[in-house]
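Quick notes on the structure that follows.
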Amino acid sequence: MRPLGIEGAWVLEPKVFPDERGSFHEWYRGREFREATGYDLSLAQANCSVSRRGVVRGVHFSDVPPGQAKYVTCVRGAVLDVAIDLRVGSPTFRQWDAVRLDDDTRHAVFLAEGLGHAFMALTDDATVVYLCSTGYAPEREHGVHPLDADLGIEWPRGIEPVLSPKDAEAPSLAQALEAGLLPEYETCRAHYERLRAGGPTG
């Protein structure tokens with residue numbers, strides 16, 4: 001696993017073995033994950049979304065603790081997957097990093113608790129699966145508008161973004177900050193240390 005430009009985000013670039021039958025790859029390896037993050041991936045929920053070209057999902061994040069870490073890959077088609085640092089006080093606050101996930105390279109991305117997550121479908125029927133460290137809890141879930149100029153995410157040109165009503169009504173980064181919705185960097189760091197120590201995370 002290779003770290004991205006934001007602390008708490010990594011990309012897995014697996015070796016894909018193609019043959020006349022199709023292909024095989026390992027999209028998660030526990031030992032490699034632990035070596036990169038210092039702890040094991042806690043799996044509480046697995047999600048699958050199918051999106052037509054142009055659909056943008058996110059930016060989503062949840063309260064920390066416990067937060068919701070995500071391990072994401074695209075099993076059909078292609079998406080531009082984006083990690084955004086929403087942790088107030090972080091050296092990379094408001095910065096983002098993007099990785100193309102597709103059914104050719106089979107890359108996967110891990111985003112630790114406190115990071116924002118979004119993606120845009122680059123193809124029709126783009127199918128994304130992701131493993132989550134905690135289950136869905138609507139009272140802890142939040143969003144930031146993915147087209148907010150303060151975030152400045154460089155979505156692919158020539159593709160019209162399609163947002164759900166909920167994402168279209170999400171607050172700007174400034175509004176989320178003013179409302180106290182964004183996670184604190186030091187709280188997130190303490191959470192990561194508890195994970196590494198094997199202690200309670202809630």
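Between the CD1 atom of Ile153 and the NE2 atom of His145 there is a distance of 11.0 Å, given to the nearest 0.5 Å. Rounding to the nearest 0.5 Å gives a distance of 6.0 Å between NZ of Lys70 and NE2 of His117. Atom CG of Leu41 and atom SG of Cys132 lie 9.5 Å apart (nearest 0.5 Å). Taken from NZ in Lys15 to CZ in Phe24, the straight-line distance is 13.0 Å, to the nearest 0.5 Å. One distance of note links CD1 of Ile159 with OG1 of Thr123; it measures 9.0 Å at 0.5 Å rounding. With rounding to the nearest 0.5 angstrom, the OG atom of Ser62 is 12.0 Å from the CG atom of Leu181.
A donor-acceptor contact shorter than 3.5 Å links the side chain of Ser133 to the backbone of Ala69. Side-chain atoms of Asp167 come within 3.5 Å of backbone atoms of Gly58 as a donor-acceptor pair (strictly under, hydrogens ignored). A donor-acceptor pair is defined here as one N or O able to donate and one able to accept, closer than 3.5 Å; no such pair exists between the side chain of Asp81 and the backbone of Phe119. In this structure, the side chain of Tyr185 does not engage the main chain of Phe93 through any donor-acceptor pair within 3.5 Å. The main-chain N or O of Met1 is found under 3.5 Å from a side-chain atom of Glu32 such that the two form a donor-acceptor pair.
In this structure, Glu7 and Arg189 have side chains that are in contact, with non-hydrogen atoms separated by less than 4.5 Å. Pro65 places a side-chain heavy atom less than 4.5 Å from the side chain of Arg194. Between Glu113 and Leu195, some side-chain heavy-atom pair lies under the 4.5 Å cut-off. Taking the side chain as every heavy atom from C-beta outward, Pro146 and Leu151 never approach each other to under 4.5 Å. The side-chain heavy atoms of Val128 and Val72, taken from C-beta on, include a pair separated by under 4.5 Å.
Using a cutoff of 4.0 Å between basic side-chain nitrogens and carboxylate oxygens, Glu35 and Arg31 are scored as salt-bridged. We find that Arg34 and Asp40 are joined by a salt bridge, their nearest charged nitrogen and carboxylate oxygen being less than 4.0 Å apart.
Here side-chain hydrogen bond (donor to acceptor under 3.5 Å, both in side chains) pairs that include residues 90-108, with residues two or more places apart or in two chains, are Asp85-Ser90, Asp85-Thr92, Ser90-Thr92, Arg100-Asp102, Asp102-Thr105. Screening residues 142-166 for salt bridge (charged side-chain N to carboxylate O under 4.0 Å, His left out) gives no qualifying pairs among residues at least two apart or on separate chains.
The local environment of CD in Glu13 is crowded, with over 12 non-hydrogen atoms from other residues, nucleotides or ligands closer than 6.0 Å.
Applying the side chain to side chain donor-acceptor pair (under 3.5 Å) test to Glu26 and every residue at least two apart in sequence or in another chain returns Arg29. In this structure Asn47 satisfies the side chain to side chain donor-acceptor pair (under 3.5 Å) test together with Gln45, sequence neighbours excluded. Judged as a side chain to side chain donor-acceptor pair (under 3.5 Å), and not counting sequence neighbours, Tyr39 has no contacts. Here Ala168 pairs with Leu163 under the side chain to side chain contact (heavy atoms under 4.5 Å, CB included) rule; sequence neighbours left out.
Across all their heavy atoms, Ser172 and Val144 have their closest contact at C-CG1, 4.0 Å. Closest of all the heavy-atom pairs between Ala83 and Ile6 is O-CD1, 3.4 Å.
There is a path of hydrophobic side-chain contacts, each under 4.5 Å, that joins Leu122 to Trp155. Placement of Tyr130 and Val64 in two distinct hydrophobic clusters is found when ILVMFWY residues are connected by side-chain heavy-atom separations under 4.5 Å, directly or transitively. There is no path of hydrophobic side-chain contacts, each under 4.5 Å, that joins Val59 to Leu111. If you chain together hydrophobic residues whose side chains sit under 4.5 Å apart, Leu86 and Val88 fall into the same group. The cluster map of Ile, Leu, Val, Met, Phe, Trp and Tyr, joined by side-chain heavy atoms under 4.5 Å apart, puts Val75 and Phe110 in the same cluster.
Taking the six-membered ring for Trp and thresholds of 30 and 60 degrees, Phe61 and His142 have ring planes inclined between 30 and 60 degrees apart.
A centroid separation of 6.0 Å or more is found between the aromatic rings of Phe33 and Trp10.
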Stepwise side-chain contact (heavy atoms from CB on, under 4.5 Å) check, Leu12 with Tyr71: CA-CA 10 Å; Leu12 174 73; Tyr71 192 85; 3.1 Å; yes
